[in-house]
Amino acid sequence: MTAMVPVAAKKDFVRWFLKRYKLKRRECVWILNYLLSHEALLKNVHFTDEAHYCPRAMVISTTRSESIPFRFYKGNLMTADAEKSFHDLRLHEDEKMYIQLNFPDSHTCPHYASVREENPFLPSYLQVSETDRRIAQQLVEESIITMTEEVLRKSIDEALDTNDKERFIALTKMLQETAIKGEQ
């Protein structure tokens, strides 16, 4: 699992989430508000994807999501009864709870990314391999260099159009440095 997310970050995220989204089940609002007021419990909460693979988990959806409204998983049991999950949460606050939140653009949301953790129970065939991770990282780095070069070339053209010699020289030097980084 990735580094532990601080309780303060989880609190900030839950507040942000509750302000912006309406949930399909009102009991889910109660559960999230309960988490906000119990730091010891929130310490054992982990936001993740594919929570149904976890031994103890909740799946909560917003009204603008296509997903199921609510599910609670514990061992081999599954229920849509939010009150039962709330009681389990209260009675076993020292056990880890994994929560999956379904809302529009959740995978591109920086707020969610700041608290989302890798699911340690995800089957290996669903996990991203280290090779794929390295390839993705390399692709991101190459894309950044390409975009930076494009912006610098456009800025150099503008400097030429306005006869701004100092800016032209500075931007040309930056382009050369970027090109060297790209070759490494």
Side-chain angles (χ1 to χ4, degrees), residues 1-137 139-140 143:
M1 185 175 276
T2 56
M4 195 168 118
V5 177
V7 171
K10 293 176 189 179
K11 278 182 139 181
D12 289 343
F13 168 74
V14 172
R15 283 189 195 108
W16 174 89
F17 182 79
L18 287 171
K19 283 181 187 174
R20 281 160 185 78
Y21 294 100
K22 184 176 179 181
L23 302 178
K24 288 183 177 181
R25 300 275 304 272
R26 70 178 185 278
E27 296 94 335
C28 295
V29 175
W30 302 340
I31 290 168
L32 292 175
N33 277 314
Y34 184 77
L35 290 175
L36 283 174
S37 60
H38 293 80
E39 287 191 15
L41 186 59
L42 198 54
K43 191 169 146 182
N44 287 317
V45 167
H46 303 279
F47 295 98
T48 192
D49 296 322
E50 305 296 337
H52 59 279
Y53 288 109
C54 301
R56 186 168 173 247
M58 288 185 203
V59 176
I60 297 172
S61 300
T62 64
T63 54
R64 293 176 32 216
S65 167
E66 299 289 325
S67 302
I68 55 172
F70 176 82
R71 286 292 185 275
F72 174 66
Y73 301 89
K74 186 167 184 178
N76 293 327
L77 302 173
M78 180 206 53
T79 182
D81 187 344
E83 288 186 34
K84 285 183 182 178
S85 66
F86 178 72
H87 290 298
D88 185 83
L89 193 62
R90 287 184 325 124
L91 294 173
H92 305 284
E93 67 179 46
D94 57 330
E95 292 180 25
K96 290 184 179 188
M97 171 65 76
Y98 296 88
I99 298 177
Q100 174 182 331
L101 296 174
N102 297 320
F103 59 99
D105 302 321
S106 62
H107 289 349
T108 58
C109 175
H111 298 287
Y112 195 33
S114 70
V115 296
R116 189 170 54 224
E117 301 176 55
E118 287 184 38
N119 185 337
F121 302 98
L122 201 60
S124 59
Y125 68 89
L126 292 176
Q127 293 178 6
V128 177
S129 72
E130 191 56 39
T131 303
D132 290 343
R133 194 180 309 272
R134 279 193 301 259
I135 290 169
Q137 181 64 34
L139 181 63
V140 167
S143 296

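No experiment lies behind these values; they were computed from the predicted model shown. Numbering of residues begins at 1 and proceeds along the displayed sequence.
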Short question: side chain of [X], backbone of [Y] - any donor-acceptor pair under 3.5 Å?
X: Arg116; Y: Gln100; value: no
X: Lys10; Y: Leu42; value: yes
X: Lys84; Y: Thr79; value: no
X: Thr62; Y: Leu23; value: no

Could you check Cys109 against Trp16 for side-chain contact (heavy atoms from CB on, under 4.5 Å), going step by step and ending with a plain yes or no?
CA-CA 12 Å; Cys109 175; Trp16 174 89; 3.4 Å; yes

What distance separates [X] [atom1] from [Y] [atom2], expressed to the nearest 0.5 Å?
X: Leu101; Y: Ser106; atom1: CG; atom2: OG; value: 8.5 Å
X: Lys11; Y: Arg15; atom1: NZ; atom2: CZ; value: 5.5 Å
X: Leu139; Y: Ile135; atom1: CG; atom2: CD1; value: 9.5 Å
X: Ile60; Y: Arg25; atom1: CD1; atom2: CZ; value: 10.5 Å
X: Tyr34; Y: Phe86; atom1: OH; atom2: CZ; value: 5.5 Å
X: Arg56; Y: His92; atom1: CZ; atom2: NE2; value: 6.5 Å

Taking the side chain as every heavy atom from C-beta outward, state whether [X] and [Y] have any atom pair closer than 4.5 Å.
X: Met58; Y: Arg71; answer: no
X: Pro120; Y: Tyr53; answer: no
X: Phe72; Y: Asp81; answer: no

Around Asp94, counting heavy atoms of other residues, nucleotides and ligands shown, do more than 12 lie under 6.0 Å from its CG?
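Check passes, neighbour count above 12.
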
Glu95 atom CD, over 12 foreign heavy atoms within 6.0 Å:
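More than 12 within 6.0 Å, yes.
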
For the residue pair Phe103 and Tyr21, categorise the inter-ring angle as parallel (less than 30°), tilted (30 to 60°) or perpendicular (more than 60°).
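Judged by the thresholds at 30° and 60°, the geometry between Phe103 and Tyr21 is tilted.
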
With under 30° as parallel and over 60° as perpendicular, where do the rings of Tyr112 and Phe13 fit, or are they tilted in between?
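Ring orientation of Tyr112 relative to Phe13: parallel.
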
With sequence neighbours left out, write down each residue that passes salt bridge (Lys or Arg N to Asp or Glu O under 4.0 Å) with Lys74, or none if nothing qualifies.
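Partners of Lys74 under the salt bridge (Lys or Arg N to Asp or Glu O under 4.0 Å) test: Asp88.
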
Could you pull out all residues at least two apart from Phe70 that satisfy ring pair (Phe, Tyr, Trp, His ring centres under 6.0 Å)?
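Per chain and number, Phe70 pairs via ring pair (Phe, Tyr, Trp, His ring centres under 6.0 Å) with no residue.
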
Can you check side-chain hydrogen bond (donor to acceptor under 3.5 Å, both in side chains) on Asn102 and Ser65, steps first, answer last?
CA-CA 6 Å; Asn102 297 320; Ser65 167; 5.0 Å; no

Set out, in order, the CA-CA distance, both residues' side-chain angles and the distance that settles ring-ring contact (aromatic ring centres under 6.0 Å, His included) for Tyr98 and Phe121, then state yes or no.
CA-CA 10 Å; Tyr98 296 88; Phe121 302 98; 5.5 Å; yes

Could you tell me whether Glu93 and Lys43 have a side-chain N and a carboxylate O separated by less than 4.0 Å?
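Lys43 and Glu93: not salt-bridged.
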
Start with the C-alpha distance between Cys54 and Asn119, add both sets of side-chain angles, then the distance that settles side-chain contact (heavy atoms from CB on, under 4.5 Å), and finish with yes or no.
CA-CA 8 Å; Cys54 301; Asn119 185 337; 3.4 Å; yes

Test side-chain contact (heavy atoms from CB on, under 4.5 Å) applied to Leu35 and Val14, Val7, Ile99, the passing residue:
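Testing Leu35 for a side-chain contact (heavy atoms from CB on, under 4.5 Å) against Val14, Val7, Ile99 leaves exactly one candidate, Ile99.
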
If I compare all heavy atoms of Ala51 with all of Val59, which pair ends up nearest, and what's the gap?
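So the two residues come closest at CB-CG2, 4.3 Å.
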
Under the side-chain contact (heavy atoms from CB on, under 4.5 Å) criterion, do Asp12 and Val115 qualify, and how do the steps go?
CA-CA 10 Å; Asp12 289 343; Val115 296; over 6 Å; no

Before you tell me yes or no, could you show the steps for His46 and Lys96 under side-chain contact (heavy atoms from CB on, under 4.5 Å), namely the whole-Å CA-CA distance, both residues' side-chain angles and the distance that decides it to 0.1 Å?
CA-CA 7 Å; His46 303 279; Lys96 290 184 179 188; 3.8 Å; yes

